[in-house]
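Take a look at the structure below.
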Amino acid sequence: MGWTPAFAVVAILFVLISGANDGATLIGLGLRFPRSPGWAIAALLMVALFAGPYVLGVSVARTFTEGLAGLGTSGGATAFLAGVMTAVIVVAVLTGKGLPTSLTLAVIGGIAGAGLGAGLPVSWQGLGAVLAVGAGAPLVGLILGHLLGTLSRRVPSYRRMPRLVLTAHLLAYAAQCVAYAVNDGQKMIAVVSVAVDVGRDGLGGVGPVEVPPVWMAVLVALFLAGSLTSLTRVGERLGRGLVITRPLYIVSAETAATGAVLGSSILGSPVSMTQSITAGVVGVAASEGARRVRWQSVVNMGTAWLVTLPSSMALGCLAGLALRLL
């Protein structure tokens, strides 16, 4: 079997899907701010995604390749591939049913399940810590969003206010992009790193996370392409399902999500940026009262989040077992 092409195809597909899910959400929320320059919104995300790992490290990417299962041993690369493919399938099925889900959570479950099925040692303590932080990050985003939304209503209005708020939005959005680049976005770096490693050295254990600048540029280009393919659909979902209209509310939601994700990055734990953004938006909207939030959309997201982990872990385990029996 041609493993190098298989890893390359999975890596390309994974980055495109990440762009369609995460990138479109980030850009869509940024563009909801009045008079936001579209080129600047996209450029800030691309620059942060490219430079972030080189400047701030790849500790979260290493969690995917080292912290969930013993992928450094023989068979680790194929188990990793099985876990990632499982994650893509689970997310595609849930999305097809109209349920927004977490690709990050699916990858965590898929890799751990595939490692278990393939007979590799699973770090249950590490997995538990990652899931605990992953569950806590949206809660932090919700609380911060509610607090910042309440405070934003007390900001006085004066003549230069629109320009100052636009500047605050661009700064908050840039920080949000950096948070994504050093946390949730690193799942793509992990996948591409393993694909490059297999192409160079062949099958075996998963090696250190390393993505040369040329491959990072390709990753960023694919991510942007994926973002643009679903920008309209995600923008409509943001506007239809979760209500925030005031400019300062958008800044508050961006800041809340950034705080939650950066806090998780310090712990080296991957969390879903999409889930954190959603939590921040809900918190901001709820600061005006529960009726400002369309709760059915929120319930759907919560349901999908709970379904994602057991589904991806179970399917990953079956995929790992199949590889073990081959």
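Source: prediction; values computed, not measured.
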Q: List the atom of T86, the atom of G316, and the distance in Å for their closest heavy-atom pair.
A: CG2-N, 3.4 Å
Q) Would one find more than 12 heavy atoms of other residues, nucleotides or ligands at under 6.0 Å from atom CZ of R163? A) no
Q. Heavy atoms, side chains only, cut-off 4.5 Å: are K187 and V191 in contact?
A. no
(Q) Can you confirm whether V194 sits close enough to V209 that some side-chain heavy atom of one is under 4.5 Å from a side-chain heavy atom of the other? (A) no
Q | Closest contact, heavy atoms only, T229 versus A20 | A | OG1-CB, 4.2 Å
Q: Heavy atoms only: give me the nearest I27-S227 pair and the separation to one decimal.
A: CD1-CB, 4.1 Å
Q: Would you give the length of the straight line joining atom CD1 of I17 to atom CD1 of I12, rounded to the nearest 0.5 angstrom?
A: 12.0 Å
Q) Hey, mind stepping through L81 and F7 against side chain to side chain contact (heavy atoms under 4.5 Å, CB included) and telling me if it holds? A) CA-CA 7 Å; L81 175 68; F7 275 85; 3.6 Å; yes
Q: Please answer: with hydrophobic residues joined when any side-chain heavy atoms are less than 4.5 Å apart, are L262 and L26 in the same cluster?
A: no
Q) Same hydrophobic cluster for V261 and M46, using side-chain heavy-atom links shorter than 4.5 Å among ILVMFWY? A) yes
Q.
So, taking the atom named CD in E210 and the one named CH2 in W215, what distance separates them when rounded to the nearest 0.5 Å?
A. 13.5 Å
Q: Following the transitive rule for hydrophobic clusters with a side-chain heavy-atom cut-off under 4.5 Å over Ile, Leu, Val, Met, Phe, Trp and Tyr, establish whether V178 and M273 coincide in one cluster.
A: no
Q. With no hydrogens and no angle check, is any side-chain donor or acceptor of Q186 less than 3.5 Å from a backbone partner on R62?
A. no
**Q.** pair M216-V192: side-chain heavy atoms closer than 4.5 Å
**A.** no
Q. Within a strict 4.5 Å, meaning less than it, do heavy atoms of the F64 and T104 side chains meet?
A. yes
Q. Is any side-chain heavy atom of L44 closer than 4.5 Å to a side-chain heavy atom of Q176?
A. no
Q) Are L127 and I108 side-chain neighbours, meaning at least one heavy-atom pair lies under 4.5 Å? A) yes
Q | Beyond-backbone contact of M188 with L222, side-chain heavy atoms, under 4.5 angstrom | A | no
Q) If you measure from CG on N21 to OG on S272, what distance do you get to the nearest 0.5 Å? A) 7.0 Å
Q) Taking atom CG of L120 and atom OG of S74, what is their separation to the nearest 0.5 Å? A) 8.5 Å
Q | Distance (rounded to the nearest 0.5 Å) between T25 OG1 and Q275 CD | A | 10.0 Å
Q: Give a yes or no on whether L116 and L71 share a hydrophobic cluster (residues Ile, Leu, Val, Met, Phe, Trp, Tyr; joining criterion: side-chain heavy atoms under 4.5 Å apart).
A: yes
**Q.** Single-linkage hydrophobic cluster L56~V211, side-chain heavy atoms < 4.5 angstrom
**A.** no
Q. N183 side chain to S269 main-chain N or O, any donor-acceptor pair under 3.5 Å?
A. yes
(Q) For A190, is there any backbone N or O sitting under 3.5 Å from a side-chain donor or acceptor partner on S193? (A) no
Q: Could you give me the CA-CA distance, side-chain angles and deciding distance for L103 and T308, then say whether side chain to side chain contact (heavy atoms under 4.5 Å, CB included) is met?
A: CA-CA 8 Å; L103 181 58; T308 298; over 6 Å; no
Q) Any donor and acceptor pair, going by atom type alone, linking the side chain of T63 with main-chain N or O of G268 inside 3.5 Å? A) yes
Q) How close do V251 and V165 get, heavy atom to heavy atom, and via which atoms? A) CG2-O, 4.1 Å
Q: Identify the heavy atoms of A114 and G83 that sit nearest to each other, and give their distance.
A: CB-N, 3.8 Å
**Q.** Of L228, L45, V218, L16, the residue whose pairing with F223 passes side chain to side chain contact (heavy atoms under 4.5 Å, CB included)
**A.** L45
Q: Indicate the atoms forming the closest heavy-atom contact of G134 with V271, along with that distance.
A: CA-CG1, 3.7 Å
Q. When rounded to the nearest 0.5 angstrom, what is the spacing between NE2 in H169 and OG1 in T255?
A. 10.5 Å
